[in-house]
Every structure is written in C-alpha cells, then in structure tokens.
Amino acid sequence: PSGGAAITVRVVTRAVKSEIVGAQEDGTIKVRIKAAPAGSDEANEELLNFLAQELGVSAKSLEIVAGAGKRDKLITVEGLSASQVEAIFG
C-alpha cells in the first residue's frame, strides 16, 4: 500500500550546488539550491527534482502544497512513509 508523508522545507537559494543541509530543531529540512529566487517556478522545479532524486522517487510523487512563492514550503511525498523520509533526511 502506498502511503504518503509531508515535509517542511526551507530553501536557501544561489548555492554553488544543490544539497541537503540537514534537519533543523523543528524538523524542517534545510535545502540549498542553485536557482533563485526561492519562490520562482525555476527554483520550485529544481527543488522538487532534487528532493525526488534524494528520496529515490519520481518528481511527480512530490507536490508543493503550501509556500510555493516563499522559501518555507510544505511538500507532500507519495509512496513513502514519514519514517522513511525521516530516515533519509535524518
């Protein structure tokens, strides 16, 4: 059965390379991406593609459900449980 998880992400733009910085105290995953600004379509697309690669899922499995125009975003992940996502991002 396919489940789903929701993750909160804080985007830091204009990075040299896309990378996961790590989880903050509140559980938010900090991610650096190359594109800017954080709310642009280009940055959102880069973020989803990068997260999909890190999680081992298709980018179509990810959706920004809140914060698309901001640097703090809520993203749903289909097909992975919250504990699986937590294990990947630590």
Side-chain angles (χ1 to χ4, degrees):
S2 72
I7 53 174
T8 51
V9 174
R10 168 160 284 180
V11 176
V12 180
T13 57
R14 296 181 178 89
V16 177
K17 64 175 186 159
S18 298
E19 63 182 346
I20 304 290
V21 179
Q24 298 179 284
E25 278 184 28
D26 64 359
T28 299
I29 310 295
K30 198 168 183 181
V31 180
R32 289 194 181 112
I33 60 169
K34 293 182 263 190
S40 70
D41 289 345
E42 183 186 346
N44 286 335
E45 189 175 328
E46 182 182 335
L47 175 67
L48 292 179
N49 287 332
F50 174 69
L51 289 175
Q53 189 179 332
E54 292 292 304
L55 291 166
V57 298
S58 157
K60 291 179 183 149
S61 301
L62 303 177
E63 184 184 351
I64 299 173
V65 291
K70 301 178 180 157
R71 63 186 199 143
D72 290 324
K73 305 175 191 296
L74 178 64
I75 299 174
T76 56
V77 183
E78 277 184 35
L80 291 178
S81 69
S83 58
Q84 286 173 305
V85 171
E86 216 171 277
I88 293 166
F89 290 138

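Since the model is a prediction, treat every value here as computed from it, not as a measurement.
Evaluation of the salt bridge (charged side-chain N to carboxylate O under 4.0 Å, His left out) test over residues 31-45, restricted to residues two or more places apart or in two chains, returns Glu19-Arg32.
Both Leu48 and Ile88 belong to a single network of hydrophobic side chains, linked directly or stepwise wherever heavy atoms of I, L, V, M, F, W or Y lie under 4.5 Å apart. Linking Ile, Leu, Val, Met, Phe, Trp and Tyr residues whenever their side-chain heavy atoms come within less than 4.5 Å leaves Leu74 and Leu47 in two separate clusters.
For the atom pair Phe89 CZ and Ile7 CD1, the distance stands at 5.0 Å (nearest 0.5 Å). The CD atom of Glu78 sits 6.5 Å away from the OG1 atom of Thr76 when rounded to the nearest 0.5 Å.
For Glu54, the CD atom is densely surrounded, since the number of other residues' heavy atoms within 6.0 Å is greater than 12.
In this structure, Asn44 and Gly39 approach most closely via the heavy-atom pair ND2-O, 3.8 Å. Taking both residues in full, the closest heavy atoms of Glu46 and Ser18 are given as OE2-OG, 2.6 Å, listed atom of the first, atom of the second, then distance. Minimum interatomic distance between Ala43 and Ala35 (heavy atoms only, all atoms of both residues): CA-CB, 3.7 Å. Nearest approach of Ala5 to Val85, heavy atoms of both residues: CB-CG2, 3.9 Å.
Residues Val77 and Leu55 have side chains in contact (heavy-atom distance under 4.5 Å, counting atoms from C-beta outward). For the pair Leu51 and Ile29, the minimum side-chain heavy-atom distance is 4.5 Å or more.
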Distance-only donor-acceptor pairs under 3.5 Å for side chains of residues 57-64, two or more places apart:
from, atom 1, to, atom 2, distance (Å)
Ser58, OG, Lys60, N, 3.0
Ser61, OG, Ser58, O, 3.4

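The backbone N or O of Gly22 sits nowhere less than 3.5 Å from a side-chain atom of Lys30 that would complete a donor-acceptor pair.
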